[in-house]
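A quick write-up on the structure given underneath.
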Amino acid sequence: MKLFDKVFKFNGGIRAETKKNISTAQPIRKIPLPKKIVLPLRQHIGKLAKLKVDIGDEVLKGQLIAEADGNVSAAIHASTSGKITAIEKRLIPHPSGLPDFCIEISPDGKDQWIEKKAIPWKKIGLDKVNELLLESGIVGLGGAAFPTHLKLNNSKKAGALNTLIVNAAECEPYITCDDMLMREKTHELIQGIKLVHEILNVKESVIGIEDNKTDAINFIQHAIKKEKNISLQIVPTIYPSGDAKRLIYLLKGIKIPKGRRSSDYGIQMFNVATILAIYRFIEFGEPSISRIVTITGNLKSPRNYELLFGTPLKEIIDDAGGQIIKNDTFIMGGPMMGFKLPSIDVPVTKAMNCIISSEPAMIEEKKPVLPCIRCARCAEACPVELQPQELFWFSKSKQLEKAEEYNLFDCIECGCCSYVCPSNIPLVQYYRFAKSEIIEERHEYEQANIARERNEFRLQRLEREKLERAERNALRRAQSSSEEKTKLIDEKRKAIADAMQRIEKEDDKND
Amino acid sequence: MITSILVVIFLAVIIGIVLGISAIKFKVEGDPIIEKIDSILPQTQCGQCGFPGCKPYATAIANGEADINQCPPGGDEGIHKLADLLGVEYKPLNAEHGEPKPKSVAIIDEKTCIGCTLCIQACPVDAILGSAKHMHTIIEKECTGCELCLPPCPVDCIDMVAIEENAENWKWKYPVYKIDKVSERRAS
């Protein structure tokens, strides 16, 4: 057996200590039903989901409690049966640390499902499947939480697909939820890949996996022995091989240019956990209500959990034995791209793939930030082949237009540049700042355009009303001229006289 | 001698015709500089500049009748952009026209509202919905925060509420960190 299939190596990237074995020693665990389930309405990229329930309503497990608001949004389902006890703003796992709308369910302990219906996808066609996916609440479970039905919509627009790539790279240190899923649910995953393969009507499916997951590789290789159209391709462990465009290049040698999508090249990619969610939805009619989360780092018993969305994170941390060294600092996501949680009083959400309890070295040993020495090591490390040093200067001096010219928005915020920077400059923080400034500027510009339009429309309307009023007045004045008046009065008199005559006639008849 | 004069006259006629046709064909409607200035202005339509809206102010700037520092909602950034566009010196905001305030929207206290429609008539962007003797309400999304609805209200039921930071409009902050002096670091 050859160790590697042919891979196309992308620029830069880093080889960091993976620290994955911390959480892979124990099997995936489920915890008993929590006392409260808190489901944020914002768990995905896009618009807030629209409420479909009220306080006091009884809901069943898997029942739709908030629907997608428009296309760029995702539905939310009750993760267990019970009663809605509150709808209010609560702290959510978001880098802002700001509260947002949440639905609180008090479970009744029965965990009773709604009627589950498998989806006859062969009969109804891709369009209808996509419509149903909008109701399924499935989003990309790799961490970005991009609504899955949108991805399929894009590929439909692009035309024929030929390849399904299953993203099993899981390149960030510490995170092992996909690894454990592949080890423990191999069969179900392969069934899922076969299903998505058929739905998308592709010619081949490729599972892209990093070479550090030996157990998962063995299991999958065994499981796909008889599958002709599914292959496993092993890629070297270089962060960020799990980024969609990087993985496509590694496996297929295709560089997707700026502004294009992989579907334009006949490729559709899903994370393994997303594949499994689609499978469970189509085959069993189960919407997206749980996921596997890695709970790792400075904990007594780090491992992976299969958790219902809305489970309080604190209970899970307690279940994992709590922190070895207390510092109350937790990171959601990986150490490269994740963010510090404002508190652990937050619920599990669709985007939560990993929680790292910070090791003392991660927070105490903060190296001082020094000025940029223009060594350009960041440019060597950048997997997107940007010029991070230029982007840094433009972002720092708030020359946002320049930063955009240097393709700021192609930056995937992988953190390789910050990792290699000898001056310890938090480069990604600058890029995030610049990006959100530009996004806000664009939004304000759009708002201003709408306001201008509405103002112009109003002025036009006022002008039109003025003209109409003038016309009406002119008409009335014309009508009220003496000749017209007498004519009008005559008409009325005549009508009255006629009526009187009629009455008299009828009176005569009656007599 | 005559040939050269004829050639020059011939050229003049040809060029004249081409220029004449293009002047008609490619005529620019309106004054482009006014449009450019108007696209920088925040479109609040608040009239704090002393003109009845952003477009009139833009026209006044273009005609040299108004200064570039009369727009409080546009703020310092807006003045910088106008200065860049017009090639003039930056000036700090003229305090006579008011101070920049945090972006806010008007909220009608629906219990107090008597349905007089005066605010509807004042709103420059038609962001108030309601009819006579019926409760009015603000279409928050369309409200520019111009405050023009406040003075006409006879029962004082409109409040300006600053837009709070939430998970949707939240922005990543400019990174702030301390740079230690080398001497201090050595000492520690």
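Lettering of chains follows the sequences in order, A, B, ..., and the numbering in each one begins at 1. Keep in mind that this is a model prediction, so the values were computed, not measured.
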Problem - Heavy-atom pair of closest approach, residues E437(A) and K171(B) - result: OE2-NZ, 2.9 Å
Fill in the blank from the handout: Closest non-hydrogen atoms of W170(B) and H94(A), given as atom of the first, atom of the second and distance, are CE3-CE1, 3.9 Å
Completion exercise
Note: E456(A) and K55(B) closest approach over all heavy atoms is OE2-NZ, 4.0 Å
Practice task
Please say whether more than 12 non-hydrogen atoms of neighbouring residues, nucleotides or ligands are located less than 6.0 Å from CG in D156(B).
Solution key: no
Problem - Which portion of K396(A) sits near chain B, non-hydrogen atoms under 4.5 angstrom - result: both
Problem - Top contributor to chain B contacts, counting heavy-atom pairs under 4.5 Å, from L462(A), N455(A), I450(A), L98(A) - result: N455(A)
Exercise for the section: May I ask you to decide whether R454(A) forms a salt bridge with D126(B), counting only side-chain N to carboxylate O separations under 4.0 Å? Expected result: no
Completion exercise
Cut-off 4.5 Å, heavy atoms of chain B, and the answer for R42(A) is side chain
Problem - Exceeds 12 heavy-atom contacts within 6.0 angstrom, atom CZ of F409(A) - result: yes
Exercise for the section: Please name the pair of heavy atoms, one in A451(A) and one in V125(B), separated by the smallest distance, quoted to 0.1 Å. Expected result: O-CG1, 3.5 Å
Handout entry: Over all atoms of both residues, closest heavy-atom pair of S39(B) and Y445(A)
Key = O-CE1, 3.9 Å
Completion exercise
Output for pair (R452(A) CZ, Q45(B) CD), nearest 0.5 Å, gives 8.5 Å
Completion exercise
Comparing E444(A), R461(A), K89(A) against chain B, the one with the most heavy-atom pairs below 4.5 Å turns out to be R461(A)
Fill in the blank from the handout: Whatever's closer than 4.5 Å to a heavy atom in chain B on D100(A) counts as side chain
Problem - Atom CD of E468(A): over 12 foreign heavy atoms under 6.0 Å - result: yes
Problem - Closest heavy-atom pair and its distance - P175(B), P426(A) - result: CB-CG, 4.5 Å
Problem - Enclosure of F433(A) CZ (heavy-atom neighbours >12, cutoff 6.0 Å) - result: yes
Problem - chain A contact via D38(B) - which portion, at a heavy-atom distance below 4.5 Å - result: both
Exercise for the section: Measure from the side-chain N and O atoms of R458(A) to the backbone N and O of C123(B), and report whether any donor-acceptor pair falls under 3.5 Å. Expected result: yes
Problem - Pair E77(B)-E441(A), side-chain contact (heavy atoms from CB on, under 4.5 Å): steps then yes or no - result: CA-CA 11 Å; E77(B) 213 179 306; E441(A) 232 172 64; 3.9 Å; yes
Completion exercise
Separation between OG1 (T144(B)) and CD (Q447(A)), nearest 0.5 Å, reads 10.5 Å
Problem - H80(B) NE2: over 12 foreign heavy atoms closer than 6.0 Å - result: yes
Handout entry: Segment of E453(A) engaging chain B (4.5 angstrom heavy-atom cut-off)
Key = neither
Practice task
State whether the side chain of Y174(B) and the backbone N or O of S395(A) hold a donor-acceptor pair below 3.5 Å, judged by distance alone.
Solution key: no
Problem - Residue part contacting chain B, namely of Q429(A), when any heavy atom lies under 4.5 Å - result: both
Practice task
Return yes when atom CD of E89(B) has more than 12 non-hydrogen atoms of other residues, nucleotides or ligands closer than 6.0 Å, and no otherwise.
Solution key: no
